[in-house]
Amino acid sequence: MYRITALIIFLCTSSASSQTAERELWLKKHGQPPVEYILSSFADHRIVIAGEAHWIRHDAELIAATVPRLASAGVGIVAVETLSSDSQERIDRLISADTWDETESIAVLRRAAWPYQQYGDILRAAWEANRKAPSSVRVLGLGPPLGWRETRLDYDEFMARRILDAIGSDGRALVYLGLHHAFTRYEQPTVLDNGRADGFMDRAGNMLRRGLGDSVFLIVLHRPFWSGSPSRWGYALPANGYIDCAAGRLGRPIGFDLQGSPFGSIEMDRAVYYAHGYPSLRLIDFADGWIWFTTIENYRGAELIPLSKFAPDAIAMDEVRANNPFSNKTGLTDSEIETLWSDTREKMKDYLAMRRWSDLPQAMEHCPNLP
């Protein structure tokens, strides 16, 4: 009996290990470095959307690294959710100027209430590209104008319309959105406290796909998924940890299509938020491509720009007061804003704890436990 039990355990372990090795081998054969993967995706698509979780340093760095090479793929626009459409004329002047103006770049970020250096680096990457090849790339701010909530402007519809207007009949764009705005074929559910989905949202990516069909391509930038109870979502490794295990063994950042991959058919766990309202949900139903950089325990937050640099004078401080990145409270004093900035900087030192990702299993330690 002992020998039979041991044999069963060996076969199960060997099978799981073999599946991980097969996925790793597939990634090694078919995966590409992230920048190359984004550029290659334009071979068959006019719009490539990179869906992020916000504030992840390497995600914004990826977009900045891709910008100088967009023209080689016939792409003239990088559209960014976290830059305000209010600043479009300012952005256009900034990235076409003879010299780089860091103060003006920060003013653009201040208008967007987005004080993170790596997002500003996207603007600088566009300026550098245009210095080498004038007017080769345009940065399109997608964020609705200030006061959009009061006017009941549809946030997703506004972004989708700006993108469609900008690309015209034959243009192409790299679009950088928060993942929940980026969905194309997949429809995001609204979930009640009892866990039942009572409807589905219409996101910017959905609208783009209705307008342009299969020429819109969604790439998920690897991030944890909401999971658990609707009253207080926790987090889980995406794709049950299978991507982390295979890519982690490979040991380098990689991008890949889900169609035809050993990952596309993976079904989401029923506890994952995105699976609500669906009898079953495979990864290929969720997105078209995936980019993995490192296991989540190694993630770092974007660099918070010091307040003294972000708001160096009274006029700039008034802008922060009116459009605060960290608080909806109005009428904050300079001292209160400084405290808020300092507290946020301290929280971001432990980025995983700030995002409530600290309790995720260590990816590579989790791998032997996978079925």
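Bear in mind that the values here come from a model prediction, so they are computed numbers and not experimental data.
Between the side chain of R203 and the backbone N or O of D156 there is no donor-acceptor pair closer than 3.5 Å.
If you look at F183 and F200, their ring centroids are not closer than 6.0 Å. Not less than 6.0 angstrom separates the ring centroid of W148 from the ring centroid of F158.
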Begin from the C-alpha positions of Y278 and F286 and carry the test ring-ring contact (aromatic ring centres under 6.0 Å, His included) through to its verdict. CA-CA 11 Å; Y278 293 87; F286 187 71; 9.4 Å; no

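Side-chain contact between L153 and P145 is present, with at least one heavy-atom pair separated by less than 4.5 Å.
No option in D257, T66, L62, V48 other than D257 meets the side chain to side chain contact (heavy atoms under 4.5 Å, CB included) test with Y37. Of the residues listed (D288, L218, V216), the one engaging R185 in a side chain to side chain contact (heavy atoms under 4.5 Å, CB included) is D288, and it is the only one.
Ring geometry for Y274 against W226 counts as parallel: the plane angle stays under 30°, on a 0 to 90° scale with 60° as the upper cut. Using a 30° and 60° split on the angle between ring planes, W127 and W100 fall in the tilted class, from 30° to 60°.
Residue I305 holds its CD1 atom at 8.0 Å from CH2 of W341, rounded to the nearest 0.5 Å.
Salt-bridge formation is not detected for the pair R111/E319: no Lys NZ or Arg NE/NH1/NH2 atom is positioned less than 4.0 Å from an Asp or Glu carboxylate oxygen. We find that R131 and E128 are not joined by a salt bridge, their nearest charged nitrogen and carboxylate oxygen being 4.0 Å or further apart. In summary, R162 and D165 do not engage in a salt bridge, as defined by a charged side-chain N under 4.0 Å from a carboxylate O.
Linking ILVMFWY residues whenever their side-chain heavy atoms come closer than 4.5 Å, directly or via other members, places F326 and I106 in the same cluster.
The number of heavy-atom neighbours closer than 6.0 Å to CG of D92, taken from other residues, nucleotides and ligands shown, is above 12.
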